[in-house]
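Not measured: the values here are computed from a predicted model.
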Amino acid sequence: MEGVDASSLIHNAKNRKLSKEHDVGEGENRIGNLTDTIAQHILSFLPTKDAAKTSILSKRWTYLWLSIPVLDFHDGANHYSDSDEPPYKRKHFMDIVERVILLRDYSTITNFSLTCNVLNDSSRINTWISAVVKHKVQVLNIRLYKIREPFILPCCLFTCESLQELKLNIYYPLKLPSFVSFSSLKILTLTCIVFPDDHSAQMLFKVCSILEELHLISCSWENVKAVCISSPRIHKLHIEDKEPPPNYVTDEEDDDMDGENNSVDQNDDSDDESDNIDDQNNPVYQNDDIDDQHSSDDQSDDTDDQSDSGGCQFAVFGTSLKYFSYFGGFFLDCYIQDSSSILEADLMACYSDRTIDYRAFKLLRGLSNAKSLKLDQYAVKALNDELVAHLPVFNSLTHVHFDWVVLFYSRQVLLSMLQKFPCLSSLKFEGLSFMFRYFGTYDWTLDPVPGCFLTHLKTIEISMFCGSEIELHAVRILLKSATVLEKIVISFNPWELKDADGLKKQQEAHEQILSFPRASLNCLIAISCPPKEKKRLKFFL
């Protein structure tokens with residue numbers, strides 16, 4: 001019996017081993033058992049050039065990648081490159097794109113992305129775009145550089161019924177056909193587009209009847225006088241205009257030119273006249289002028305047009321608008337007609353002069369119903385005391401984020417703004433002192449204390465904290481003034497903790513903060529001391 005049992009055990013062990021080897025063999029070919037649909041779905045996550053390499057796996061895979069729904073072609077071109085690629089590389093890229101698109105079956109292309117230099121191949125590139133449109137493309141991303149011959153996008157693109165998202169990055173005049181219709185377009189991103197006139201700009205935005213998101217990045221508006229965005233479904237609008245128009249002259253440059261003119265002829269008596277002309281062409285913030293502008297709501301819009309000359313008038317009628325952001329120099333004269341639905345607004349300025357400051361003020365005034373607001377240092381700087389005094393009360397605002405704001409230099413403006421936020425419950429400072437040295441006194445206080453500090457403000461967050469005297473005094477004042485504060489979170493700048501001196505400074509600041517008196521006895525102080533590996537939060541009562 002024992003012999004029989006041993007023989008049976010050996011036999012069973014061999015069977016199990018063979019079974020395992022059989023299973024392993026099957027596992028090695030599992031990818032070959034995938035259906036075409038699943039295999040193509042997997043390949044769609046790869047760059048097209050990598051997906052093409054799978055054609056060597058077997059005969060079945062030779063043409064499988066040609067039907068993947070996502071195509072992404074990039075020849076390495078970018079806006080900042082001046083040199084051309086070698087001719088053989090150019091030919092190789094063009095041939096591959098042509099082969100993939102023109103030899104494709106009738107399957108749908110859901111996503112198509114093309115980044116390349118146009119050079120003198122505009123007709124070939126337009127052929128590709130037309131072919132993609134015929135395959136009922138849903139997401140189209142076109143980035144074209146170095147256009148060296150007349151270039152017009154194919155007409156079929158502007159009547160594509162399947163298109164749901166369109167991204168165009170083309171530093172070239174956008175010429176539209178006589179008929180434009182985007183019946184399914186929900187997301188539109190335009191980068192570096194040059195609008196030749198009012199008609200082309202207005203036509204493009206008017207036909208997007210179900211548009212939900214609009215991103216306008218570094219576009220050229222110098223040939224456009226007015227644009228109206230009135231899509232009833234748009235809920236997100238992002239605008240960037242970081243570069244000034246070619247003919248734009250800042251106040252500093254204007255002053256420099258005046259100085260040069262004065263140095264040429266010291267006896268010229270026309271200085272006063274030139275200053276008067278300059279005052280007429282640029283809005284000056286006289287109290288009487290502002291009072292006149294805001295004496296009635298019905299007259300405010302007319303006054304804005306009179307006070308701000310030059311620049312494209314950009315009106316937004318967004319009854320469904322929830323997210324609005326504007327980054328740049330406020331070279332667009334942007335105004336939001338109805339902000340009742342806005343949840344978040346973000347304003348970041350790159351320049352500051354009288355015209356730009358007034359536009360920033362006017363835009364902020366139109367965001368008075370926002371629930372969350374983010375402002376950078378230049379946006380705050382643009383709002384001097386006279387302008388802030390004429391801001392409406394932001395009754396819906398519960399969260400404010402000041403990005404890289406110098407508290408001591410802007411404290412009067414900040415104090416005046418906080419008086420306009422009666423329901424503020426969350427306040428964040430990022431980069432509180434911006435590393436500037438301060439030579440003044442530290443005896444200032446929040447006087448009068450903003451109403452929100454006494455009734456609503458529950459949380460204060462300070463990030464990129466350096467532990468300077470400026471910041472420590474600011475923390476002392478905030479803790480002393482916020483009577484209903486529940487928590488203050490302070491995150492040290494990791495760059496300040498690189499050496500022993502930085503760690504010592506952090507520890508000293510840490511101890512000082514804990515010793516500050518608090519108006520709210522229930523306030524929790526959370527200090528973030530990020531080590532090299534992870535952030536750790538230390539809580540103190």
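- When all heavy atoms of F93 and T115 are compared, the pair lying nearest together is CZ-O, 4.2 Å.
- Remark: N141 CG to N111 CG distance equals 9.5 Å, nearest 0.5 Å.
- A side-chain N or O of H238 and one of S325 form a donor-acceptor pair less than 3.5 Å apart.
- Using a 4.5 Å cut-off on side-chain heavy atoms (C-beta onward), M348 and D403 make contact.
- In this structure, the side chain of H235 does not engage the main chain of Y323 through any donor-acceptor pair within 3.5 Å.
- Checked against ring-ring contact (aromatic ring centres under 6.0 Å, His included), Y172 has no partners two or more places apart in sequence or in another chain.
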Run F327 and D346 through side-chain contact (heavy atoms from CB on, under 4.5 Å) and show every step you take.
CA-CA 8 Å; F327 300 166; D346 190 350; 3.5 Å; yes
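- Put simply, OG on S340 and CG on L321 are 9.5 Å apart, with the number rounded to the nearest 0.5 Å.
- When the side chain to side chain contact (heavy atoms under 4.5 Å, CB included) test is applied to N126, the partners found at least two apart in sequence or on another chain are I129, F151, L153, P154.
- Remark: side-chain polar atoms of D198 are paired, donor with acceptor, to backbone N or O of A226 under 3.5 angstrom.
- Taking D197 as the reference, S200 meet the side chain to side chain donor-acceptor pair (under 3.5 Å) condition, with sequence neighbours excluded.
- Here the closest heavy-atom approach between residue C116 and residue D75 is recorded as CA-OD1, 3.1 Å.
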Under the side-chain contact (heavy atoms from CB on, under 4.5 Å) criterion, do F205 and C228 qualify, and how do the steps go?
CA-CA 8 Å; F205 299 131; C228 177; over 6 Å; no
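- Side-chain contact between V118 and I170 is absent, with no heavy-atom pair separated by less than 4.5 Å.
- Using a distance-only test at 3.5 Å, with no hydrogens or angles considered, a donor-acceptor pair links the side chain of S231 to the main chain of L211.
- The two residues I193 and L174 make their nearest non-hydrogen contact at CG2-CB, 3.7 Å.
- Applying the side chain to side chain donor-acceptor pair (under 3.5 Å) criterion to E98, with sequence neighbours excluded, gives R124, W128.
- Not a single side chain to side chain contact (heavy atoms under 4.5 Å, CB included) links K134 to another residue, sequence neighbours left out.
- Side-chain contact between F182 and L204: present, with at least one pair of heavy atoms (C-beta onward) separated by less than 4.5 Å.
- Proximity of F314 to L363: side-chain heavy atoms (C-beta onward) are nowhere separated by under 4.5 Å.
- For S162 (side chain) and Q138 (main-chain N/O), no donor-acceptor pair under 3.5 Å exists by modelled atom type.
- Here L176 contributes atom CG and I152 contributes atom CD1; the two are 10.5 Å apart, rounded to the nearest 0.5 Å.
- For the pairing with F112, the side chain to side chain contact (heavy atoms under 4.5 Å, CB included) check across V70, V133, V132 returns one residue only, V132.
- Screening residues 159-171 for salt bridge (charged side-chain N to carboxylate O under 4.0 Å, His left out) gives E165-K167 as the qualifying pairs, with residues at least two apart or on separate chains.
- Across all their heavy atoms, L190 and C219 have their closest contact at O-SG, 3.4 Å.
- Applying the side chain to side chain donor-acceptor pair (under 3.5 Å) criterion to H92, with sequence neighbours excluded, gives no partner residue.
- The main-chain N or O of A315 is never found under 3.5 Å from a side-chain atom of Q337 such that the two would form a donor-acceptor pair.
- In this structure, CZ on R365 lies 8.5 Å from CG on L391, to the nearest 0.5 angstrom.
- Contact annotation: the side chain of M417 approaches that of L375 to within less than 4.5 Å [non-hydrogen atoms, C-beta and beyond].
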Output, in order, the C-alpha distance, side-chain angles, deciding distance and verdict of side-chain contact (heavy atoms from CB on, under 4.5 Å) for F361 and D357.
CA-CA 6 Å; F361 159 74; D357 293 352; over 6 Å; no
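- Residues K428 and S463 are in side-chain contact: their nearest non-hydrogen atoms beyond the backbone lie under 4.5 Å apart.
- The NZ atom of K371 sits 9.0 Å away from atom OG1 of T398, with the distance rounded to the nearest 0.5 Å.
- The two residues R104 and T108 make their nearest non-hydrogen contact at NH2-O, 3.3 Å.
- The CG atom of L119 sits 13.5 Å away from the OH atom of Y145 when rounded to the nearest 0.5 Å.
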How far apart are the C-alpha atoms of Y326 and D241, what are their side-chain angles, what is the distance that settles it, and do they pass the side chain to side chain donor-acceptor pair (under 3.5 Å) test?
CA-CA 8 Å; Y326 194 116; D241 65 340; 2.8 Å; yes
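- A donor-acceptor contact shorter than 3.5 Å is absent between the side chain of E430 and the backbone of H401.
- Between F317 and D338, the closest side-chain pair of non-hydrogen atoms is not below 4.5 Å.
- Scored by the side chain to side chain donor-acceptor pair (under 3.5 Å) test, D121 finds R90 as partners (sequence neighbours excluded).
- For the pair S396 and N369, the tightest heavy-atom approach, listed with the atom from each and the gap, is CB-O, 3.6 Å.
- A donor-acceptor pair under 3.5 Å links the side-chain atoms of D376 to the main chain of A349, judged by distance alone.
- Screening residues 181-194 for side-chain hydrogen bond (donor to acceptor under 3.5 Å, both in side chains) gives no qualifying pairs among residues at least two apart or on separate chains.
- In this pair, F195 and W221 present their aromatic rings parallel. The plane angle is below 30°, not in the 30 to 60° band.
- Residues meeting the ring-ring contact (aromatic ring centres under 6.0 Å, His included) test with F324, sequence neighbours left out: none.
- Atom NZ of K236 is surrounded by 12 or fewer heavy atoms from other residues, nucleotides or ligands within 6.0 Å.
- Using a 4.5 Å heavy-atom cutoff, the side chains of D333 and K362 are in contact.
- Within the structure, every pair that satisfies the side-chain hydrogen bond (donor to acceptor under 3.5 Å, both in side chains) test and touches residues 201-213, not counting sequence neighbours, is listed here: E213-H215.
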Show the numbers, then the answer: is there a side-chain contact (heavy atoms from CB on, under 4.5 Å) between I336 and I342?
CA-CA 10 Å; I336 296 180; I342 290 185; 4.1 Å; yes
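- In this structure P177 satisfies the side chain to side chain contact (heavy atoms under 4.5 Å, CB included) test together with C155, F158, V180, sequence neighbours excluded.
- A donor-acceptor pair is defined here as one N or O able to donate and one able to accept, closer than 3.5 Å; no such pair exists between the side chain of R233 and the backbone of S320.
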